[in-house]
Trainee: 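Please see the structure below; I have some questions.
When reading the values below, keep in mind they use all heavy atoms of this one structure, side chains included, and skip hydrogens, waters and symmetry mates.
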Amino acid sequence: MITMKRAIKNQFQINENTCLAVLLLVQGFFLAGMLVLAILMKFAIDEGEGTFPLATILAAFAGAVFLFANFGEDYTSHFHTQISLGCTRKDFFVSVLLNHLVLSAFGMAVLLVLAAAEDALNVRLYPTEEPEFAIFPILLRYGIAAVLGLPAAAALFGALCNRFGQTVRTVFFILWMMFWIGWPRVADVLFEPETESLAVFQGIAKGIMAVPSGMWPIVGMLALVLALGTAWMLMRSQQVN
């Protein structure tokens, strides 16, 4: 029987190269973003339009997708192997979640360093341009939510994939595409309520605005508990192949 201590050690050994992969990935996308921004500032953006933290946003997006995919894979491919080798479902779930929280926190720490660097670099590289917004305070404000939310979402996704297979991946892909198509339109309504948009986007924006700002941490914690609770309930009854 594999103990909790051994299960945790196994997870960190399995993902020992993930920190390096995250570091290289986000740095690569960060440098690519800085290069793209320089090209846009030179040839496409008129003087006086300001700068945009493109590098950090690209790095954050790439890091989040990479970690989410890896986290979900841990719950699918590793589950059957480790349970077959004597690890209990509880020890597996706790050890994987702990490992994911550490990796998620590491990714956020790297992003905070890069965000601070980009805010400073844009001021020096484009001294006559006003930044549209500073990305570092935003990451600092929502960092804890992101660090907790990414592993929780991956746990639910992985548990659902274990139970329902390819159907979940298909549904997730459809929802993912709907988000990227619809969110910009919802955001337009949120920031400029007079914007004309489809009724569905208007309704989503009004629903978001109806929630008091002080309630969002509570909503987030409820979503976190619900995601982890559902993932655990699915995993504790999951059959091993």
Trainee: What's the verdict on side chain to side chain contact (heavy atoms under 4.5 Å, CB included) for Val22 and Leu103, showing C-alpha distance, side-chain angles and the deciding distance?
Mentor: CA-CA 9 Å; Val22 170; Leu103 290 172; 5.9 Å; no
Trainee: Do Val113 and Ile144 land in one hydrophobic cluster if side-chain heavy atoms of ILVMFWY residues count as linked below 4.5 Å?
Mentor: no
Trainee: To the nearest 0.5 Å, what is the distance between CG on Leu85 and CD on Gln82?
Mentor: 7.5 Å
Trainee: Check whether any side-chain heavy atom of Glu132 lies under 4.5 Å from a side-chain heavy atom of Thr51, and answer yes or no.
Mentor: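 A side-chain contact is absent here, since even the closest heavy-atom pair is not under 4.5 Å.
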Trainee: Tell me whether Ser104 contacts the main-chain N or O of Leu101 through its side chain, where contact means a donor paired with an acceptor under 3.5 Å.
Mentor: no
Trainee: Can you tell which of Asn15, Asn99, Thr18 makes a side chain to side chain donor-acceptor pair (under 3.5 Å) with Asp74?
Mentor: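 Output: one option passes, namely Asn15.
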Trainee: Could you give me the CA-CA distance, side-chain angles and deciding distance for Phe29 and Phe66, then say whether ring pair (Phe, Tyr, Trp, His ring centres under 6.0 Å) is met?
Mentor: CA-CA 12 Å; Phe29 273 84; Phe66 175 79; over 10 Å; no
Trainee: Starting from the C-alpha separation in whole Å, work towards a yes-or-no answer on side chain to side chain contact (heavy atoms under 4.5 Å, CB included) for Trp176 and Ile181.
Mentor: CA-CA 9 Å; Trp176 175 261; Ile181 293 172; over 6 Å; no
Trainee: To the nearest 0.5 Å, tell me how far Met108 CE sits from Leu67 CG.
Mentor: 10.0 Å
Trainee: Is Arg163 atom CZ crowded by more than 12 heavy atoms from other residues, nucleotides or ligands, each under 6.0 Å away?
Mentor: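 Enclosed: over 12 neighbouring heavy atoms sit under 6.0 Å from CZ of Arg163.
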Trainee: Please report the C-alpha distance between Ile218 and Leu222 in whole Å, then the side-chain angles of each, then the deciding distance to 0.1 Å, and finally whether the side chain to side chain contact (heavy atoms under 4.5 Å, CB included) criterion is met.
Mentor: CA-CA 6 Å; Ile218 299 174; Leu222 289 175; 4.2 Å; yes
Trainee: Just so I know, are the side chains of Leu112 and Leu140 near enough to count as touching, which here means a heavy-atom distance under 4.5 Å?
Mentor: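 Counting from C-beta outward, Leu112 and Leu140 do come under 4.5 Å.
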Trainee: So do the side chains of Phe12 and Ile8 get within less than 4.5 Å of each other, counting heavy atoms only?
Mentor: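 Side chain of Phe12 against side chain of Ile8, heavy atoms only: contact under 4.5 Å found.
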Trainee: Give, for atom OG of Ser84 and atom CZ of Phe79, the distance between the pair rounded to the nearest 0.5 Å.
Mentor: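 So the gap between those two atoms works out to 8.5 Å.
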Trainee: Are the side chain of Asp119 and the backbone N or O of Phe136 linked by a donor-acceptor pair below 3.5 Å?
Mentor: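 Between the backbone of Phe136 and the side chain of Asp119 there is a qualifying donor-acceptor contact (under 3.5 Å).
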Trainee: What is the minimum heavy-atom distance between Cys161 and Thr76, and which atoms define it?
Mentor: CB-CG2, 3.8 Å
Trainee: Return the minimal non-hydrogen interatomic distance between Ala134 and Pro137, and the atom names on each side.
Mentor: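 Ala134 and Pro137 have their closest heavy atoms at O-CD, 3.4 Å.
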Trainee: Kindly give the heavy-atom pair with the smallest separation between Ile135 and Ala115, and that separation in Å.
Mentor: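 Distance-wise, the nearest heavy atoms are CG2-CB, 3.5 Å.
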Trainee: So Asp91 and Arg6, side chain to side chain contact (heavy atoms under 4.5 Å, CB included) or not? Walk me through it.
Mentor: CA-CA 9 Å; Asp91 289 351; Arg6 182 60 188 172; over 6 Å; no
Trainee: Taking atom OH of Tyr142 as the centre, report whether more than 12 heavy atoms of other residues, nucleotides or ligands fall under 6.0 Å from it.
Mentor: no
Trainee: Looking at Arg124 and Ala120, would you say the former's side chain and the latter's main chain have a donor-acceptor pair under 3.5 Å?
Mentor: no
Trainee: Ignoring hydrogens and angles, tell me if any N or O in the side chain of Gln11 forms a donor-acceptor pair with the backbone of Val96 under 3.5 Å.
Mentor: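 Side chain of Gln11 to backbone of Val96: no pair is present.
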Trainee: Please confirm whether the ring centroid of Trp180 lies under 6.0 Å from the ring centroid of Phe173.
Mentor: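 Centroid distance Trp180-Phe173: not below 6.0 Å, so no.
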Trainee: To the nearest 0.5 Å, what is the distance between CG (Leu58) and CZ (Phe30)?
Mentor: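 The distance works out to 10.5 Å.
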Trainee: Above 12 or not: heavy atoms from other molecules or residues under 6.0 Å from CD of Glu16?
Mentor: yes
Trainee: Answer with yes or no whether the hydrophobic clustering places Leu35 together with Ile45; edges join I, L, V, M, F, W, Y residues whose side-chain heavy atoms lie under 4.5 Å apart.
Mentor: no
Trainee: Could you report the tightest heavy-atom contact between Gly63 and Val26, atom names first, then the distance?
Mentor: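 That closest heavy-atom pairing would be CA-CG1, 3.9 Å.
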Trainee: Give me the atom names and distance for the closest heavy-atom approach of Met4 to Lys90.
Mentor: CE-O, 4.5 Å
Trainee: Quick check: are there more than 12 heavy atoms from other residues, nucleotides or ligands sitting under 6.0 Å from CD of Glu49?
Mentor: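 Buried by this count: over 12 neighbours within 6.0 Å.
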Trainee: Any sub-3.5 Å donor-acceptor pair from Thr230's side-chain atoms to Ala227's backbone N or O?
Mentor: no
Trainee: Using a 3.5 Å distance criterion without hydrogens, assess whether the side chain of Arg89 forms a donor-acceptor pair with backbone atoms of Met235.
Mentor: yes
Trainee: Same hydrophobic cluster for Val171 and Leu234, using side-chain heavy-atom links shorter than 4.5 Å among ILVMFWY?
Mentor: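 No: no chain of side-chain contacts under 4.5 Å links Val171 to Leu234.
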Trainee: Are Met34 and Leu125 side-chain neighbours, meaning at least one heavy-atom pair lies under 4.5 Å?
Mentor: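 Yes. Closest side-chain heavy atoms under 4.5 Å.
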Trainee: A side-chain contact here means heavy atoms from C-beta on lying under 4.5 Å apart; do Pro131 and Asn122 qualify?
Mentor: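 Heavy-atom side-chain distance check fails, nothing below 4.5 Å.
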Trainee: Would Tyr75 and Phe157 count as a ring pair (Phe, Tyr, Trp, His ring centres under 6.0 Å) if you check the C-alpha gap in whole Å, the side-chain angles of each, and the deciding distance to 0.1 Å?
Mentor: CA-CA 9 Å; Tyr75 285 105; Phe157 176 71; 9.9 Å; no
Trainee: Following the transitive rule for hydrophobic clusters with a side-chain heavy-atom cut-off under 4.5 Å over Ile, Leu, Val, Met, Phe, Trp and Tyr, establish whether Phe68 and Leu156 coincide in one cluster.
Mentor: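 Shared cluster, yes.
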Trainee: Quick one: do Ile138 and Val123 end up in the same hydrophobic cluster if we chain Ile, Leu, Val, Met, Phe, Trp and Tyr together by side-chain heavy atoms under 4.5 Å apart?
Mentor: no
Trainee: Rounded to the nearest 0.5 Å, what's the gap from CG on Leu37 to CD1 on Ile57? Could you check?
Mentor: 10.5 Å
Trainee: Kindly check if the number of other-residue, nucleotide or ligand heavy atoms within 6.0 Å of CE (Met221) is above 12?
Mentor: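 Not buried by this count: 12 neighbours or fewer within 6.0 Å.
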Trainee: How far apart are the closest heavy atoms of Ala38 and Tyr126, and which atoms are they?
Mentor: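 Between these two residues, the closest heavy atoms are CA-OH, 3.4 Å.
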Trainee: Measuring only between side-chain heavy atoms, which start at C-beta, is His78 closer than 4.5 Å to Asn10?
Mentor: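 No; the side chains remain at least 4.5 Å from each other.
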Trainee: Quick one: pull up CD1 in Ile83 and OG1 in Thr88 and give me the separation to the nearest 0.5 Å.
Mentor: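 With rounding to 0.5 Å, CD1 (Ile83) is 6.5 Å from OG1 (Thr88).
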Trainee: Donor-acceptor pair, distance only, cut-off 3.5 Å: does the side chain of Ser95 make one with the backbone of Phe92?
Mentor: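 It does hold such a pair.
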Trainee: Whether the side chain of Glu118 engages the backbone of Leu54 through a donor-acceptor N/O pair (distance < 3.5 Å, no angle test) should be reported.
Mentor: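 Confirmed, Glu118 side chain pairs with Leu54 backbone.
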